[in-house]
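What follows is a set of notes on a single structure, which appears directly below.
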Amino acid sequence: MAKDFSTMEASNGSDNTDIHSVSPTARRQLLRGGLASAVAGLLSPLAVQGGALTALLSGCASTGVRAPLLGFKSVALGEVDAVRVPEGYLTQVIAPWGDPIGVAGAQPAFKPDASNSAADQAVQMGMHHDGMAYFPLDGSRRGLLCMNHEYADHGLLFSDGGKDWTPEKVAKSQAAHGFSVIEIEQNAESQWAVVRPSRFARRVTANTPCQVNGPAAGHPLMRTAHDPSGRRVLGTLSNCAASRTPWGSFLSGEENFIGYFRGPNRPNAHEQRWGLRAGEQWGYRWVEHDERFDAAAHPNEPHRFGWIVELDPSDPQAAPVKRTAMGRAAHEGATVALCKDGRAVVYSGEDARFEYIYKFVSRDAMQPGGPKANAELLDHGTLYVARFDADGRGRWLPLVHGQGPLTAANGFADQGEVLIKTRQASDLLGATKMDRPEWIAVDPQGHVYCTLTNNSQRGAPGRPGVDAANPRANNVGGHIIRWKEEGDFHAERFSWSHFVLAGDPQAERTEARGQMKGDAFACPDGLFADARGVLWIQTDMSSADMGPGVEFLKKDPSAGALGPKELVKLGNNMMLAADPGTGEVRRFLVGPVGAEITGCDITPDGRTMFVNIQHPGETPGDLSDPAHPMAFSSWPSPAGGRPRSATVVIRKQDGGLIGT
Ligand code: FEO
Ligand code: CA
Ligand code: CA
């Protein structure tokens, strides 16, 4: 997200930093020697996207000749209000905010003056498209697109902006959140369109009944006046990154949920650790007409958010399930890899300053038969939090009640409480405080990558200083860290390196940039590893606490030495393609003005890419403030129209593989 909710929260005051004293010589740029040779045996075809590419790829592997992964010409930086892709590529826009999703008998058209009702919005595309996954129904020609709608811009959502809140406005904002499931199809001219009506079309909103599963289900800390069982929550919120599981479900992280709650007048230590502020919420005014979001009246309601949510997109009747075994956090998203024995490993970052990276290892193996056959796979297993050591190795620390400090004496009555208070448990274990962990991707070689988008508070007075894994004070440009498990994905030890330290011109000339070369970027956020091994990096520079004085490279580092006069902002947000094998990075897409580039997926044949454009035209400031300026983009509406988040479909003119 761009609006800086996540940086408003920096509530980790624990002092578990000392073990990571920085040593410049310990900054590791490449994976430890010998690991590459260990990779081959770990490859799980289901851990990567798509199966149809396997034959194409195996041809390269058997000859030992590696074709270049990237074949397109870089897109220039820019600040125009359009989506630009390389020569030879085509784009089309589908499913903008407000378009009917295709529920039979309920397809209200989008009204350009935003006068659609809450009931309309509940059957239209939500606002602020984010993480997304394609689920084939008929291979690469017809499928379901399932996506998150992370938050809402009330200045755009309502005809009269964000003033004078009413129950109807709260209901419309709540209906603009959650997920959309739409059926899409490619016609004979290779154009994609939403199928309407479709029996799969579905919205999940902030009021959709969700089931709670796993060790915290029914826990006393999960029970509320509305739900004495602690097993039935209304809605999912702040859904940011997403992925498709190998068994065919959609996984979504509930990220900045805390911003929707008004804090009690005197937040206790637990509430403070989760960012609740005395009598305040972060600009959302739902609480004025929906007291469920008053944490003073309903102190357990915030415990019912911050989970990883699983949805079976093929069953419109299935309740979304909050999977508590994977811990409560400001989960950016969740990404699954499979062990050779079929166990699922779920990686997840928590996007807030100085928070953590998690891994869950399922107890049981995935079963054939899709989501229904794996309905409890993510309910049993072990959750770990990451510690990155200065010697380039790391350890997954188990978040298991009764082990180490996670005892009743330290405030954890049972495993349910460990999971509800995952942050505090991680503090006690000495996990490494990261620079806002965003998306995580696993490439076909089994490397795991995590974007650390930025952290301008690193090294600030009273805040944690640099450590080996987060080596830059005032880290406004962000970095990408990667690791390889020492064994299969379930291993408790790993080796890590910096894939790239982004954006800082000083880093270009030091060892700290890692092995990457090519186009400059800053604030990596979205991340997607495709079946060919290309790592797609999406930027969110809008949320960096950069200020007017902080500037980044305009020229590519490969262009030679750069003087201070050549440092300017990088323009609109972008998506880049990286070849981890060669270190090459090329700019593939530049987005409209004020937009962030978010979700990404590619059809199994590798020939159609879906990319989400979030919040075109967003201006800094409080979106709920009636004085907040209107947007300065109209993408993809006609000139002067309301900007709308939407999905961009990208194909090659010659029908070739995306990225070549
Ligand atoms: Fe929703 Fe951390 O971006
Ligand atoms: Ca994000
Ligand atoms: Ca972000």
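Note that ligands are numbered from 1 as they come in the structure, with each ligand's atoms numbered from 1 the same way.
Among residues two or more places apart in sequence or in another chain, the side-chain contact (heavy atoms from CB on, under 4.5 Å) test is passed with Ala386 by Ile357, Phe388, Trp396, Phe494. In terms of the side-chain contact (heavy atoms from CB on, under 4.5 Å) criterion, residue partners of Asp435 (sequence neighbours excluded) are, by chain and number, Leu452, Asn455, Arg458, Asn470, Asn475, His479.
A salt bridge links Arg273 with Glu355: at least one charged nitrogen is closer than 4.0 Å to a carboxylate oxygen.
Under the 4.5 Å side-chain criterion, counting only non-hydrogen atoms from C-beta, Ser426 is not in contact with Glu350.
At a cut-off of 3.0 Å, Glu596 is not counted among the residues with an N, O or S atom near the Ca ion (ligand 2). One of the N, O or S atoms belonging to Glu255 lies under 2.8 Å away from atom 1 (Fe) of ligand 1.
Here the N, O or S atom of Glu438 that is nearest to the Ca ion (ligand 2) is OE1. When distances from the Ca ion (ligand 2) to the N, O or S atoms of Glu332 are compared, OE2 comes out shortest.
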Query raised in the report: Does the pair His177 and Tyr260 meet the rule for a ring pair (Phe, Tyr, Trp, His ring centres under 6.0 Å), with working shown?
Result: CA-CA 12 Å; His177 284 68; Tyr260 294 74; 5.3 Å; yes
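Rounding to 10 degrees, one finds that atom 1 (Fe) of ligand 1 sits at the corner of an angle of 100° between Glu150 OE2 and Cys240 SG. Here the Ca ion (ligand 3) is the vertex; the OD2 atom in Asp525 and the OD2 atom in Asp540 give an angle of 90° (to 10°).
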